[in-house]
Amino acid sequence: MQLFTETSDIDFCPSVATIGFFDGVHRGHRYLIEQVREVAAARGLTSSVITFPVHPRKVMQADYRPELLTSCEEKVALLAETGIDYCMMLEFTPEVARLSAKQFMQILKDRYQIQALVVGYDHRFGHNRSEGFEDYVRYGQDMGMEVLLARAYSSDENITVSSSMIRHFLQQGNVASAAECLSYNFFLEGTVVGGYRVGRKIGFPTANLRVNDPDKIIPADGVYAVYVFLDGVRYGGMLSIGYRPTLANGTDRSIEVNIFHFNADIYNQPMRISFVRYMRPELKFDSVEELIARIRQDETEVKAVLEK
């Protein structure tokens with residue numbers, strides 16, 4: 001996949017495209033992109049995805065926190081896995097927001113050589129999103145752009161696969177259902193930072209993660225079975241998200257993982273955490289001894305999950 005921006009100095013090839021924010025690049029997105037590739041192959045054209053680096057609502061509402069499933073960089077990497085030929089990264093600005101659907105489509109046709117536009121079954125674009133598919137078809141006919149309605153994705157579990165539904169699952173700690181919708185385990189990427197170093201004192205040293213993108217959603221507080229990726233190597237681990245109520249040693253929400261069979265200094269190193277299963281909620285224990293006993297139990301249960 002080739003990534004282009006508005007400042008890329010290239011001559012665009014005639015293309016079949018779809019447009020959206022594509023947060024998470026979930027199963028529904030992948031099904032839509034698959035249809036774009038099918039149409040492009042049938043017409044002898046290249047295939048393209050048109051997306052934006054920043055959530056459109058955040059551009060229009062500065063205090064809006066989108067709770068992203070993927071950062072822009074993560075989204076691009078996932079889009080590259082779909083087999084699409086081109087990703088066109090357009091800046092969403094207040095000026096773009098004021099464009100009507102027809103005006104925006106004309107830009108796609110004239111500047112980016114979009115010959116056919118595949119529209120998601122529930123997707124609307126343009127100022128106020130007041131126009132619909134029939135309008136897009138009519139505008140396309142006027143400017144020589146074919147507009148096609150994508151087939152809706154349906155899951156075997158009859159779950160509506162959407163970015164908002166996946167966020168709901170993560171807010172509940174249901175990382176297993178989130179993974180079913182995403183087609184991969186939800187993950188966090190960031191840097192290992194210093195913490196309170198209490199884990200080492202009680203026999204369970206942890207690596208504390210500072211997430212790269214502050215707008216990325218963090219799953220519900222609790223204990224999780226996870227995989228940890230460091231320098232391309234995968235390790236098992238048990239992760240805790242929360243405020244450490246038993247130890248009462250801070251008011252900041254922490255993301256800390258005990259990595260199995262690992263003992264090295266990784267401060268300031270990049271780390272990726274892939275969520276496998278929610279194990280239990282965060283609990284407050286009456287003593288540190290009770291906490292240690294429960295962590296030992298957690299370790300046994302998490303290892304059993306990861307060995308399956």
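Side-chain atoms of Tyr139 and Glu131 include a donor-acceptor pair closer than 3.5 Å.
Checked options Glu74, Glu73, Glu189; the residue passing with Lys216 is Glu74 (criterion: salt bridge (charged side-chain N to carboxylate O under 4.0 Å, His left out)).
Asp23 contributes a side-chain N or O that, together with a main-chain N or O of Leu69, makes up a donor-acceptor pair within less than 3.5 Å. Counting only distance, with no hydrogens or angles, the side chain of Arg37 and the backbone of Ser47 share no donor-acceptor pair below 3.5 Å. In this structure, the side chain of Arg27 does not engage the main chain of Val161 through any donor-acceptor pair within 3.5 Å. When atom types are taken as modelled, the side chain of Gln115 and the backbone of Leu45 share no donor-acceptor pair closer than 3.5 angstrom. Between the side chain of Ser183 and the backbone N or O of Ala179, no donor-acceptor pair lies under 3.5 Å.
Sequence neighbours left out, the pairs with a member in residues 219-230 that pass side chain to side chain donor-acceptor pair (under 3.5 Å) are Asp221-Arg253. For the salt bridge (charged side-chain N to carboxylate O under 4.0 Å, His left out) condition, the pairs that include at least one residue of residues 273-282, sequence neighbours left out, are Arg280-Asp298.
Shown here for Ala220 and Gln171, the closest heavy-atom pair between the two residues is CB-O, 3.2 Å.
By the 30° and 60° cut-offs, the orientation of the rings of His55 relative to Tyr64 is tilted.
Every residue two or more places apart in sequence or in another chain was checked for a salt bridge (charged side-chain N to carboxylate O under 4.0 Å, His left out) with Glu134, and none qualifies.
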